[in-house]
Amino acid sequence: MSGRARHPAVRWLYLCAGMLMLALGVIGTLLPVMPTTIFLILALACFSKSSPRLEQRLLAHPRYGPALRLWREQRVVPVKAKWFASLGMGAGFAALLLARPPHWVPWLVGAIELSVLLYLLSRPSRAVG
């Protein structure tokens, strides 16, 4: 069992998380500020541990399949996906600030988003070879 979760409950949790990420990805196709590709990458990671059938269906998607295969093979994130992810995180952070949360919440969310953004921007934008 190389990439699959061992315990049925863990597989079920990965499946639920994958479905949630897939739903957010679908919402991202409808709202231009949501980072569709990033959510689909997360769904792919969850499905690789829970459902090989759903994983293959996602990889075979005519529009998003090639980008997901590049991610799997070389950890490539297209420039457009980086832009939309950055814009989506920025808009979400702005909405958080407008909600006037406790003073520590923006710091925590900002640190998490900054680490995600740095990781995302460190990924190559084009396939090598």
Side-chain angles (χ1 to χ4, degrees):
M1 259 192 215
S2 59
R4 300 199 42 189
R6 298 180 194 274
H7 194 276
V10 174
R11 270 189 41 218
W12 186 81
L13 287 172
Y14 273 115
L15 182 63
C16 289
M19 291 297 198
L20 175 64
M21 293 301 115
L22 185 60
L24 291 171
V26 169
I27 292 169
T29 62
L30 304 173
L31 299 174
V33 295
M34 289 282 288
T36 304
T37 307
I38 303 308
F39 285 123
L40 294 179
I41 287 170
L42 292 171
L44 184 67
C46 291
F47 291 152
S48 72
K49 296 183 185 302
S50 64
S51 174
R53 182 180 59 84
L54 291 174
E55 175 187 26
Q56 290 308 312
R57 284 189 67 189
L58 202 50
L59 287 170
H61 190 276
R63 180 172 179 187
Y64 296 105
L68 294 173
R69 284 190 297 278
L70 277 174
W71 167 256
R72 170 167 279 167
E73 295 164 4
Q74 299 181 21
R75 299 295 190 243
V76 171
V77 178
V79 172
K80 184 177 177 183
K82 289 180 182 182
W83 274 103
F84 280 121
S86 300
L87 288 173
M89 287 191 298
F93 191 72
L96 173 71
L97 293 176
L98 291 173
R100 298 182 188 203
H103 72 281
W104 59 271
V105 173
W107 288 103
L108 176 65
V109 171
I112 293 169
E113 284 193 355
L114 183 61
S115 64
V116 169
L117 185 62
L118 290 174
Y119 175 77
L120 186 64
L121 294 176
S122 72
R123 301 294 90 205
S125 297
R126 294 193 169 115
V128 177

Report the distance from atom [atom1] of [X] to atom [atom2] of [Y], rounding to the nearest 0.5 Å.
| X | Y | atom1 | atom2 | value |
| --- | --- | --- | --- | --- |
| I38 | L24 | CD1 | CG | 12.5 Å |
| Y14 | S51 | OH | OG | 14.5 Å |
| I27 | L30 | CD1 | CG | 7.5 Å |
| R57 | L44 | CZ | CG | 14.0 Å |
| S122 | K82 | OG | NZ | 7.5 Å |
| C46 | M21 | SG | CE | 6.5 Å |

In one Ile/Leu/Val/Met/Phe/Trp/Tyr side-chain cluster, 4.5 Å: [X], [Y]:
| X | Y | answer |
| --- | --- | --- |
| L114 | W104 | no |
| V79 | V116 | no |
| L42 | L59 | no |
| W107 | L96 | no |

I'd like to check [X] versus [Y] (side-chain heavy atoms, cut-off strictly below 4.5 Å). Are they in contact?
| X | Y | answer |
| --- | --- | --- |
| M89 | L117 | yes |
| P124 | Q74 | no |
| I112 | L108 | yes |
| V76 | R126 | no |
| V10 | K49 | no |
| Y64 | T29 | yes |
| L22 | L58 | yes |

Exercise. For the side chain of R75 and the backbone of R123, is there at least one donor-acceptor N/O pair under 3.5 Å apart?
Worked result: no
Any idea which heavy atoms bring [X] and [Y] closest together, and the distance?
| X | Y | answer |
| --- | --- | --- |
| A85 | L120 | CB-CD2, 3.4 Å |
| P102 | P106 | O-CD, 3.1 Å |
| P78 | A67 | CG-CB, 4.3 Å |
| R11 | S50 | O-CB, 3.2 Å |

For this session: Please say which of M19, Q56, R53 ends up in a side-chain contact (heavy atoms from CB on, under 4.5 Å) with F47.
Result: M19
For this session: For E113, check salt bridge (charged side-chain N to carboxylate O under 4.0 Å, His left out) against everything at least two apart and list the hits.
Result: none
